[in-house]
Structures are given as C-alpha cells and as structure tokens.
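One structure is given below, encoded as structure tokens.
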Amino acid sequence: MTDLPPPPPPRRDWWRRLQRLPLSMMLASALLALGIVQLTFQVGHSLYRTTTWTRDTEAAQARIRDLERDIEELQDAVAAAQTPEHLRELARCEGFVGVTEKKIVARSASPQDGPTEICKILRVP
C-alpha cells in the first residue's frame with residue numbers, strides 16, 4: 001500500500017492551467033505597461049538633461065570666450081601703458097606740450113569741451 005493520494009485526472013489539471021492563463025497574461029501586460037511607462041519617462045528625462053546640459057555648456061563656453069577676450073584686451077592695455085608713445089598721449093591729454101612745441105588755444109574754445117577720442121577713458125564691461 002502507498003500513502004500517496006491518487007493523481008487528479010489530467011482533464012482537470014488542463015482546465016486549471018487554462019483558467020490561470022488570462023490572469024497571468026493580465027499581470028504580464030500590466031507589468032509590461034508599467035515598464036514601458038518607466039522607460040518612456042527615463043528616456044524623456046535623459047533627453048531633457050542632455051539638452052539642458054548642452055545649453056548650459058554652450059553658455060559657459062561663450063562666457064569663457066568673452067573673459068579670455070577681456071584678458072587679452074587688458075594685457076594689451078598693460079603692455080601699451082608702458083610705451084613712451086602712450087605716456088606722451090596721456091601727457092597731451094593733461095595739457096602738456098613738447099619742449100619744441102607751442103600751445104595754441106582758440107578764443108571760441110569752451111571749458112566744457114570734452115576730451116578728444118584719444119583721451120577718453122575706456123572701461124571694460
């Protein structure tokens with residue numbers, strides 16, 4: 001004698017599998033739909049981060065180019081400030097004349113006349 005119960009009939013086992021099929025298909029479809037939603041969100045978020053990063057990088061590089069240009073202008077100004085020609089121009093802006101030169105002032109000249117183009121102070125923005 002055996003202690004095992006008799007196996008169920010094969011038709012009943014087949015029917016149970018067939019009954020569980022729609023439930024497992026619905027669960028698989030729901031998980032697949034959630035996976036698609038998550039994948040779509042991740043791809044969209046990645047695209048957003050990429051475009052934002054690219055825009056910020058381009059803005060930073062443009063700012064770096066502007067600053068490098070400002071550095072070059074300032075270095076040129078420092079180099080030009082040490083030359084005798086520049087010092088001579090600054091002295092002329094202050095009203096000094098050379099040893100062999102004569103200063104001539106027009107009678108119609110007013111003290112409100114601003115400095116000439118050479119004497120204007122340039123500011124770097």
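The figures here come from the full heavy-atom set of this structure, side chains too, leaving out hydrogens, waters and symmetry mates.
In the hydrophobic clustering of ILVMFWY residues, with side-chain heavy atoms under 4.5 Å counting as a link, L39 and L47 come out together.
Considering only residues two or more places apart in sequence or on other chains, T52 meets the side chain to side chain contact (heavy atoms under 4.5 Å, CB included) condition with Y48, R55, D56. Checked against side chain to side chain contact (heavy atoms under 4.5 Å, CB included), R63 has the following partners two or more places apart in sequence or in another chain: L67. Under the salt bridge (Lys or Arg N to Asp or Glu O under 4.0 Å) criterion, E58 pairs with no residue, sequence neighbours left out.
For the atom pair CD (Q61) and CD (E68), the distance works out to 10.5 Å, reported to the nearest 0.5 Å.
Remark: E101 CD is packed, more than 12 non-hydrogen atoms of other residues, nucleotides or ligands lying under 6.0 Å away.
Among T57, T50, T51, the single residue meeting the side chain to side chain contact (heavy atoms under 4.5 Å, CB included) criterion with W53 is T57.
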